[in-house]
Amino acid sequence: MQSPRPILSMKRPKTPSAPPPSTPPTPQHRQSFTKLINPISSKRRNILQNPQPLPSAAAAIEWKPLKINKSELYLPLTFPTGQTFRWRNTGPLQYTGPIGPHLVSLKQLEGDDVGYFCHFTDSDETARINLFDFLNMGISLNEIWSVFKASDERFAELAMYLEGARVLRQDPLECLIQFICSSNNNIQRITKMVDFISSKGKFLGNVGGFDFFEFPTLDKLASVSEAELREAGFGYRAKYIVGTVAALQSKPGGGMEWLASLRKSDLQGAITGLSTLPGVGPKVAACVALFSLDQHHAIPVDTHVWQIATRYLIPELAGTTLTPRVCSRVADAFVSKYGKYAGWAQTLLFISELPSQKSILPSSLWNTVEKSEIKLQIEVHEIQETKENRRSKKKKNDS
DNA sequence: GGGAGACCTAGTAA
DNA sequence: ATTACTAGGTCTC
């Protein structure tokens with residue numbers, strides 16, 4: 001079973017009969033989503049639970065070789081693992097999503113390669129360049145992982161099972177808004193919210209039953225009110241988004257340029273800058289820095305990473321709370337262990353903690369469960385022991 | 001500086 | 001059927 005399932009409620013109603021595999025943008029598609037959070041009809045639910053086989057036309061896609069090994073890019077460990085909430089699983093080992101104005105599908109091919117396909121485009125060359133950029137192709141996963149493996153036995157072991165977990169290079173605005181949505185939230189709802197925002201952008205087409213949109217411009221975002229976002233189920237994050245958009249717009253020289261300039265800043269500068277935006281704390285800032293600002297040693301410290309850190313890196317901090325200061329100590333510990341690409345190492349370690357990956361890891365590497373299981377085993381053992389004791393005592397008494 | 005609550009919501013465990 | 005808690009945190013005291 002694939003791990004995070006596509007969120008169905010995001011799909012617009014459609015007829016149960018097989019839709020065309022991919023639908024180019026037409027005016028009728030421009031009708032915007034209504035509320036994101038609305039009850040799904042039972043009919044639609046069925047579609048979700050029994051996804052129809054991909055339309056035969058999908059097989060007709062002519063994949064162009066990316067010429068990249070699985071060890072450099074394995075899609076299921078790169079797209080549905082919390083870096084982006086904009087891509088959809090549109091087939092076996094196949095993912096589709098927007099890259100700027102382009103709509104791209106990627107598929108793991110036979111023969112250890114990944115294929116790509118740019119939908120509805122007449123500037124394939126531009127799309128390809130943007131794709132390479134988005135995939136961070138300038139960085140060799142094998143090269144940087146070999147360093148991690150050499151210095152960390154546990155990483156080496158995890159890496160055998162989780163090859164090809166690559167860090168993407170997303171658009172900064174897109175990344176920022178997504179991670180503001182992610183605070184104190186779960187993947188399913190984050191995806192719904194991101195989808196709502198995205199639907200304000202230019203429609204790019206439909207693939208595998210999913211609508212895709214270019215991410216809305218800053219101006220377009222500014223036209224969305226806090227009330228509308230609350231209505232759509234954003235909760236208190238509605239205020240953050242409106243506030244952040246306003247803050248960006250007020251930057252002299254432009255918000256987009258300001259964000260882009262953080263790519264040339266050092267990590268601390270980027271984090272400090274991002275943290276001035278409402279709804280952006282240490283975690284969100286680090287995510288944006290790592291996933292969109294070329295800050296390869298940014299460490300998003302969430303509860304999972306915190307667990308890893310107190311288990312392997314700085315056990316002396318176990319039991320304390322995750323304050324900003326502790327947060328940066330954790331980040332420092334990762335950087336001193338893994339070096340300038342520490343964020344890429346953290347990504348693999350984080351993925352290894354995801355429940356969805358447990359099935360592909362040997363149980364000896366399940367940390368989170370391991371602990372509770374051991375505890376459970378001890379408890380069971382103790383109970384059996386006491387039973388044993390009682391029994392033997394009883395025997396003694398009886399005799 | 002660190003600690004405690006509140007903050008929206010949906011889903012699930014008691 | 002209610003209640004409590006949690007989920008890739010942040011803000012305010």
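In what follows, chains are A, B, ... by sequence order, proteins preceding strands, each numbered from 1. In what follows, every heavy atom counts, from backbone to side chain, and hydrogens, waters and symmetry copies are set aside.
Residue A:K149 places its NZ atom among more than 12 non-hydrogen atoms of other residues, nucleotides or ligands, all under 6.0 Å distant. Remark: A:E153 CD is loosely packed, at most 12 non-hydrogen atoms of other residues, nucleotides or ligands lying under 6.0 Å away.
At the heavy-atom level, A:P282 lies under 4.0 Å from the strands shown only through sugar-phosphate atoms. Looking at heavy-atom distances under 4.0 Å, A:R230 makes contact with sugar-phosphate atoms alone, never a base. Here A:V280 lies in heavy-atom contact (under 4.0 Å) with sugar-phosphate atoms only. When heavy atoms are screened at a 4.0 angstrom cut-off, A:F179 is found touching no nucleic acid atom at all. Among the heavy atoms of the strands, none lies under 4.0 Å from A:L229. No contact: A:V326 has no heavy atom under 4.0 Å from any strand. Among the protein residues, A:P278 comes within range of the sugar-phosphate backbone only, with heavy atoms under 4.0 Å from sugar or phosphate atoms but none that close to a base.
Taking atom C1' in both B:dG1 and C:dC13, one finds a spacing of 14 Å when rounded to whole Å. With C1' as the reference atom, B:dA6 and C:dC5 are 15 Å apart, rounded to whole Å. When the C1' atom is compared between B:dC7 and C:dA7, the two are found 14 Å apart, to the nearest whole Å. The P atoms of B:dG2 and C:dT10 are separated by 16 Å, rounded to the nearest whole Å. If you take atom P in B:dT9 and the same atom in C:dA1, they sit 22 Å apart, rounded to whole Å.
Nucleotides of DNA chain C nearest to A:S182 and A:L277 differ in position, and the one nearer the 5' end is that of A:S182. Across the interface with DNA chain C, nearest-nucleotide mapping of A:N185 and A:G279 shows A:N185 to be the residue nearer the 5′ end.
If you check B:dC8 for Watson-Crick or wobble pairing at under 3.5 angstrom, you find it has no partner at all. Under the Watson-Crick and G-U wobble criteria, each requiring two contacts below 3.5 Å, nucleotide C:dG8 is left unpaired.
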Problem set entry | Stepwise ring pair (Phe, Tyr, Trp, His ring centres under 6.0 Å) test for A:W145 and A:Y341 | CA-CA 9 Å; A:W145 277 25; A:Y341 287 98; over 10 Å; no

For this session: For A:Y95 and A:W87, run ring pair (Phe, Tyr, Trp, His ring centres under 6.0 Å): C-alpha distance rounded to whole Å, both residues' side-chain angles, the deciding distance at 0.1 Å, then the answer.
Result: CA-CA 6 Å; A:Y95 296 83; A:W87 285 61; 7.9 Å; no

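Separating the CE atom of A:M193 from the C1' atom of B:dA10 is a distance of 12 Å, rounded to the nearest angstrom. Rounded to a whole Å, the NZ atom of A:K283 is 14 Å from the P atom of C:dC11. A:L176 has its CG atom 14 Å from the C1' atom of C:dG9, to the nearest Å. Straight-line distance from the CD atom of A:Q188 to the P atom of B:dG11: 6 Å, rounded to whole Å. Computed from coordinates, the A:I241 CD1 to C:dG9 C1' distance equals 14 Å when rounded to whole Å. Rounded to whole angstrom, the span from the CD1 atom of A:I187 across to the P atom of B:dG11 amounts to 15 Å. As rounded to whole Å, 14 Å separates atom P of B:dA6 from atom CG of A:N184. Nucleotide B:dC8 holds its P atom 17 Å from the CD1 atom of A:I190, rounded to whole Å.
The base of B:dC8 sits with one of its N or O atoms less than 3.5 Å from a complementary donor or acceptor on the side chain of A:R189.
A donor-acceptor contact shorter than 3.5 Å is absent between the side chain of A:E214 and the backbone of A:G201.
Considering only side-chain atoms of A:Y240, the nucleotide from B:dG1, C:dC11, C:dG8 that sits closest is C:dC11. Of the candidates C:dG9, C:dG8, B:dG1, B:dG1 carries the atom nearest the A:R325 side chain, counting heavy atoms from C-beta on.
Dashed line: the shortest gap from a side-chain N or O of A:S183 to OP1 or OP2 of C:dT10 is not under 4.0 Å.
With A:T96 as the fixed residue, the side chain to side chain donor-acceptor pair (under 3.5 Å) test singles out one of A:T90, A:N206, A:N89: A:T90.
For the 3.5 Å distance criterion, the side chains of A:S105 and A:H119 qualify, holding a donor opposite an acceptor.
Base orientation of C:dG8: syn (glycosidic angle within 90° of 0).
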